[in-house]
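First up is the structure itself, then whatever we jot down about it.
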Amino acid sequence: MPLLLLGGERDGVIAASSHRYGSSPADAFALLRRTFHEALPGGRGDAHMFLLAGANHFSFCHPDDPTTGRSFLDHRATAPGDALRNFFVEVISTFLDAYVREDSEVVEQLDQLSGHPLVLQAGRR
């Protein structure tokens with residue numbers, strides 16, 4: 001199955017889970033990169049990762065969702081919520097166009113999103 005992995009540099013939930021990775025200190029980006037590189041077979045070409053500046057684990061939620069029971073672990077987002085959510089809409093809809101609608105030309109648009117100002121790191125495997 002195609003995969004889209006989104007993460008934020010302020011992800012306190014992933015950082016708090018570092019003990020599950022056997023890692024210390026808690027570096028959310030390192031853990032997300034490790035998941036992307038170790039949990040997926042290489043050479044697929046349909047797995048994409050975007051790590052975002054100023055995003056936290058719950059940047060996707062608006063308004064905040066207290067039912068998750070994990071938000072107390074998260075760090076405060078430093079990027080504007082509207083800008084992050086607009087990027088989420090763009091990257092998710094592009095991903096769906098590429099793999100659900102099977103539009104191979106759109107896959108290149110996903111690669112181009114790695115140059116977005118909010119993207120600190122992106123990858124494709």
Side-chain angles (χ1 to χ4, degrees):
M1 298 294 295
L3 175 101
L4 177 61
L5 177 66
L6 300 170
E9 72 175 327
R10 305 282 303 149
D11 193 323
V13 176
I14 295 294
S17 300
S18 65
H19 64 283
R20 292 188 170 103
Y21 288 81
S23 299
S24 187
D27 176 351
F29 267 19
L31 299 175
L32 291 167
R33 283 191 302 266
R34 183 174 170 199
T35 297
F36 187 70
H37 292 290
E38 293 180 17
L40 304 170
R44 293 169 36 141
D46 64 353
H48 301 266
M49 174 186 71
F50 292 90
L51 302 179
L52 306 178
N56 67 16
H57 196 81
F58 291 101
S59 288
F60 192 81
C61 299
H62 182 72
D64 291 336
D65 181 1
T67 66
T68 63
R70 305 301 286 164
S71 60
F72 70 94
L73 293 171
D74 218 355
H75 301 306
R76 183 183 192 100
T78 57
D82 287 344
L84 289 167
R85 287 186 294 279
N86 286 337
F87 179 79
F88 292 142
V89 167
E90 184 175 7
V91 73
I92 292 168
S93 62
T94 303
F95 179 83
L96 292 173
D97 282 344
Y99 296 107
V100 174
R101 293 186 176 166
E102 298 179 343
D103 187 340
S104 60
E105 293 178 11
V106 177
V107 174
E108 292 178 24
Q109 292 176 16
L110 271 173
D111 293 335
Q112 293 170 1
L113 286 174
S114 65
H116 190 282
L118 286 171
V119 176
L120 292 176
Q121 187 174 4
R124 180 176 173 196
R125 293 180 46 113

- Task: Identify which one of Thr68, Leu73, Asp64 satisfies the side chain to side chain contact (heavy atoms under 4.5 Å, CB included) criterion when paired with Phe58.
- Result: Thr68
When rounded to the nearest 0.5 angstrom, what distance separates [atom1] in [X] from [atom2] in [Y]?
| X | Y | atom1 | atom2 | value |
| --- | --- | --- | --- | --- |
| Leu113 | Glu108 | CG | CD | 12.5 Å |
| Arg125 | Leu5 | CZ | CG | 11.5 Å |
| Asp65 | Arg70 | CG | CZ | 14.0 Å |
| Phe88 | Ser93 | CZ | OG | 13.0 Å |
| Arg85 | His62 | CZ | NE2 | 4.5 Å |
| Arg76 | Arg10 | CZ | CZ | 9.5 Å |

Answer yes if [X] and [Y] sit in the same cluster of Ile, Leu, Val, Met, Phe, Trp and Tyr residues linked by side chain heavy atoms under 4.5 Å apart, and no otherwise.
| X | Y | result |
| --- | --- | --- |
| Phe87 | Met49 | no |
| Leu110 | Phe36 | no |
| Leu6 | Val100 | yes |
| Leu52 | Ile92 | yes |
| Leu32 | Leu120 | yes |

Quick one: closest heavy-atom pair of [X] and [Y], and the distance?
| X | Y | result |
| --- | --- | --- |
| His75 | Ala15 | NE2-CB, 4.4 Å |
| Ala98 | Val107 | CB-CG2, 3.7 Å |
| Leu84 | Gly54 | CD1-O, 4.2 Å |
| His57 | Asp11 | ND1-OD2, 2.8 Å |

- Query: Once the angle between the rings of His48 and Phe95 is folded into 0 to 90°, is it parallel (under 30°), tilted (30 to 60°) or perpendicular (over 60°)?
  - Reply: perpendicular
- Could you give me the CA-CA distance, side-chain angles and deciding distance for Leu51 and Val119, then say whether side-chain contact (heavy atoms from CB on, under 4.5 Å) is met? CA-CA 6 Å; Leu51 302 179; Val119 176; over 6 Å; no
- Query: So, Arg124 side chain and Gly45 main chain: donor-acceptor pair closer than 3.5 Å or not?
  - Reply: yes
- Message: For Phe60, is the CZ atom crowded, meaning more than 12 foreign heavy atoms sit under 6.0 Å from it?
- Response: no
- Task: Evaluate the criterion side-chain contact (heavy atoms from CB on, under 4.5 Å) for residue pair Leu3 and Arg44; output intermediate values, then yes/no.
- Result: CA-CA 10 Å; Leu3 175 101; Arg44 293 169 36 141; 4.1 Å; yes
- Message: Walk me through whether Leu4 and Phe50 qualify under side-chain contact (heavy atoms from CB on, under 4.5 Å).
- Response: CA-CA 8 Å; Leu4 177 61; Phe50 292 90; 3.8 Å; yes
- Please determine, by modelled atom types, if Ser59 and Asn56 share a side-chain donor-acceptor pair under 3.5 angstrom. yes
